[in-house]
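Down below is the structure, laid out as structure tokens.
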Amino acid sequence: MSMNESNHSLSSNASEYSTTTGQIEVENPKMSMRNVDVSYGDKQAIFNVNLDIAKNEVISMIGPSGCGKSTFLRCLNRMNDTIESCKVSGDLLLEGQDIYDPKLDVVPLRARVGMVFQKPNPFPKSIYDNVAYGPHIHGLANTKFELDEIVEKSLKKAGLWDEVKDRLDQPGTGLSGGQQQRLCIARTIAVSPEVILMDEPCSALDPIATARIEELIDELSANYTIAIVTHSMQQAARVSHRTAYFHLGYLVEIGSTDDIFTNPSHKLTEAYITGRFG
Amino acid sequence: MNLTTIEIVNKTLKKRRQKERVFRAAGLVSVLTGLAALVFLLHTIVGNGWGAFTQSYIQLPLKLDAQVLRIDNPLDEEEWDYANYAGVIKASLRERFPEVTSRKQKRILYRLVSPGASFQVKQLLDDRSLLGSEVTLWLPADDDVDSLIKGYINRELPEKERRVKDFALTLIDDLVSSGQLERKFNVIFFSAGDSSEPEQAGIYGSMLGSFFTLVVTLILSFPIGVAAAIYLEEFAPKNRFIDLIEININNLAAVPSIVFGLLGLAIFLNVFGIPRSIPIVAGIVLAIMTLPTVIISSRAALGAVPPSIREAALGLGASKMQTIFDHVFPLAMPGMLTGSIIGMARALGETAPLLMIGMVAFVVDIPGSFTDPATVLPVQIFLWSDSPERAFVERTSGAIIILLLFLVIMNGLAVWLRNKFEQRW
């Protein structure tokens with residue numbers, strides 16, 4: 001192990017956090033990850049992570065910068081494939097199906113497991129085209145009318161419809177940051193994914209836009225399974241059912257959000273949520 | 001010595017400011033030097049070439065008489081081909097100056113009008129019904145007359161050292177005072193091919209040659225270059241072979257252009273036996289020459305598309321192909337076009353490789369297709385710059401002005417495209 005651990009006085013020994021505290025398993029998991037190791041070239045970023053994600057739950061992943069939470073999230077729909085040096089091993093199952101099966105096509109996987117990114121990244125196209133692109137490439141709509149319906153439904157679910165219904169032909173890049181991020185969410189749910197991954201979706205937004213997105217996550221949790229990476233512990237506490245705490249590539253603790261924030265079992269988790277580092 | 005921080009800062013401040021001033025002054029001097037060179041160049045070229053856009057014409061009433069033309073049977077096409085068109089002009093000149101009688105003086109008189117003017121009469125008589133009628137034409141004057149009118153020939157010189165003799169001067173002055181010798185817009189310069197007579201020489205042929213050549217270059221280099229760039233940037237695996245290809249492309253961009261001409265000579269002319277002097281070969285050679293530029297600029301344009309756009313598309317389940325062609329490619333298009341246009345501009349101004357494949361031939365005819373012998377603008381300039389006649393000096397500069405104009409337009413187009421379609425994220 002070539003990790004620089006002397007940064008934190010609290011993390012003197014990897015054996016203190018190399019096994020996960022808390023209940024990993026859930027009943028009928030939507031996604032199930034076992035023994036996941038991820039490395040970028042020689043540098044290992046994730047060590048032996050085991051985690052289940054339940055259906056229609058919101059699970060948040062927190063931890064200090066560089067703890068591997070984003071890397072782990074990006075494994076869940078194989079976005080790490082675009083990084084050539086990235087190697088993933090272990091079992092990652094989506095409803096029992098191995099998503100790293102070499103025979104598996106990533107296109108349907110990513111249609112089932114959608115992603116919202118840290119920085120709002122609408123296509124430099126019209127608002128309508130932004131939302132319609134996913135359904136269009138997957139052939140989800142046979143007629144223009146059906147496509148219009150999907151766009152309207154998705155924008156409504158993302159809580160953006162009333163703000164943009166009169167200017168669907170205007171560029172998506174012309175919206176405000178919060179609106180752009182909701183547009184990206186609308187774009188993701190237009191494909192009707194089962195799981196939505198959110199990689200720090202509010203880090204580029206102001207508090208009001210953040211509150212709006214958090215409300216949205218709450219509404220969406222009725223129909224979607226959501227995994228969210230966040231730097232804001234308040235956000236994790238507000239939106240998620242379960243919380244996973246990552247530290248230097250290890251999953252240190254997993255538990256219900258209430259437990260993690262009121263009664264953490266591991267001293268590193270406690271130190272992090274009480275603001276002693278991170 | 002206990003100096004506070006601010007005191008230390010203040011001590012160095014003067015030196016820092018001084019450095020900044022020196023650097024600024026140096027930059028300004030460099031810019032001004034460049035600007036001065038440009039102004040000097042433009043002044044020389046425009047000063048020399050402006051005259052090429054006007055030409056002295058002599059107005060003559062022409063009697064299109066069948067007898068003078070030596071046409072006995074108007075239905076015989078061959079007689080029309082060999083008719084004495086120059087005779088009509090000569091007859092008109094004799095009538096204008098009845099006092100000219102001696103052989104020697106007559107020769108001087110006939111030389112006032114361009115020897116090529118008879119073609120104009122021939123062209124006019126393509127309308128056969130004009131036979132027997134009388135028309136008044138402005139015929140191009142000889143290049144010596146033109147040079148005299150434009151003031152390039154010094155009247156004060158002794159007759160022996162002057163190209164226009166005293167007798168010719170009296171005739172010219174007579175024509176000028178009667179309003180029959182005037183400077184007009186030089187239509188021939190923009191409508192004719194090359195000629196050994198400066199007053200009959202134009203850039204239209206070489207402009208068309210350049211046009212056909214550039215069309216071939218664009219058709220070949222843009223799709224091939226863009227496809228290569230997309231493959232290298234998006235699909236190619238990272239290995240030594242691809243690295244080697246990249247190094248070679250970068251090196252090719254720096255190869256002297258004449259080497260590409262030798263390549264064209266060796267392969268297209270010698271191996272494939274394609275005829276010389278045709279725009280197709282020139283276009284292929286210039287396409288090979290511009291390919292590295294197009295590839296490099298296209299790759300830069302592709303690389304400049306932010307990864308967030310790729311991630312957005314991939315995250316939605318778009319395939320690599322869809323990501324590239326629906327999002328990355330359209331966003332990179334302005335950059336690719338800009339690079340290609342700049343490559344085209346370089347190809348337009350290229351001379352050396354074309355000399356190797358016979359584009360340097362003396363081509364009078366206007367090329368009508370990609371396979372007609374042609375020359376191109378810069379080669380035409382090169383050819384004219386070699387000619388001794390005074391009138392070719394101004395035509396050389398005139399052609400340079402036109403070439404520069406095209407280059408400015410192309411580069412302006414590139415800048416305009418970049419500004420119009422530039423995306424900001």
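Convention: sequence-line order gives letters A, B, ...; per-chain numbering from 1.
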Rounded to the nearest 0.5 angstrom, the CZ-CG distance for A:Arg78 and B:Leu314 is 12.0 Å
So, the part of B:Lys238 with a heavy atom under 4.5 Å from chain A: the answer is both
From the list A:Met115, A:Arg112, A:Glu84, the residue making the most non-hydrogen contacts under 4.5 Å with chain B is A:Glu84
Look at B:Glu311 together with A:Lys119 and state whether they make a salt bridge at an N to O cut-off of under 4.0 Å. no
What one should report as the nearest heavy-atom pair of B:Ile309 and A:Pro122 is CD1-O, 3.7 Å
ask   = If you count the non-hydrogen atoms of other residues, nucleotides and ligands that lie under 6.0 Å from CZ in B:Phe329, is the total more than 12?
value = yes
Inset, instruction - Would you indicate whether A:Lys153, at its atom NZ, is surrounded by more than 12 heavy atoms from other residues, nucleotides or ligands within a distance under 6.0 Å? - result: no
Under 4.5 Å to a heavy atom of chain B? For A:Val191 that would be side chain
When the 4.5 angstrom heavy-atom criterion is applied to A:Gln118 and chain B, the contacting part is neither
Most heavy-atom pairs under 4.5 Å with chain A, out of B:Gly315, B:Ser319, B:Pro330, belong to B:Gly315
- Message: How about CZ on B:Arg240, more than 12 heavy atoms from neighbouring residues, nucleotides or ligands closer than 6.0 Å, or not?
- Response: no
**Study point:** Residues, nucleotides or ligands: over 12 heavy atoms within 6.0 Å of B:Phe235 CZ
**Key:** yes
So, the part of A:Arg187 with a heavy atom under 4.5 Å from chain B: the answer is both
Is a donor on one side and an acceptor on the other found under 3.5 Å between the side chain of A:His138 and the backbone of B:Leu316? yes
Main-chain N/O of B:Ser308 paired with A:Asn121 side-chain donor or acceptor, under 3.5 Å: yes
Here the pair of heavy atoms bringing B:Ala312 nearest to A:Phe123 is CB-CE2, 3.7 Å
Looking only at heavy atoms, the pair that brings A:Lys125 and B:Asp326 closest together is NZ-O, 3.3 Å
(message) Parallel, tilted or perpendicular: which one describes the rings of B:His327 and A:Tyr133, with boundaries at 30° and 60°?
(response) perpendicular
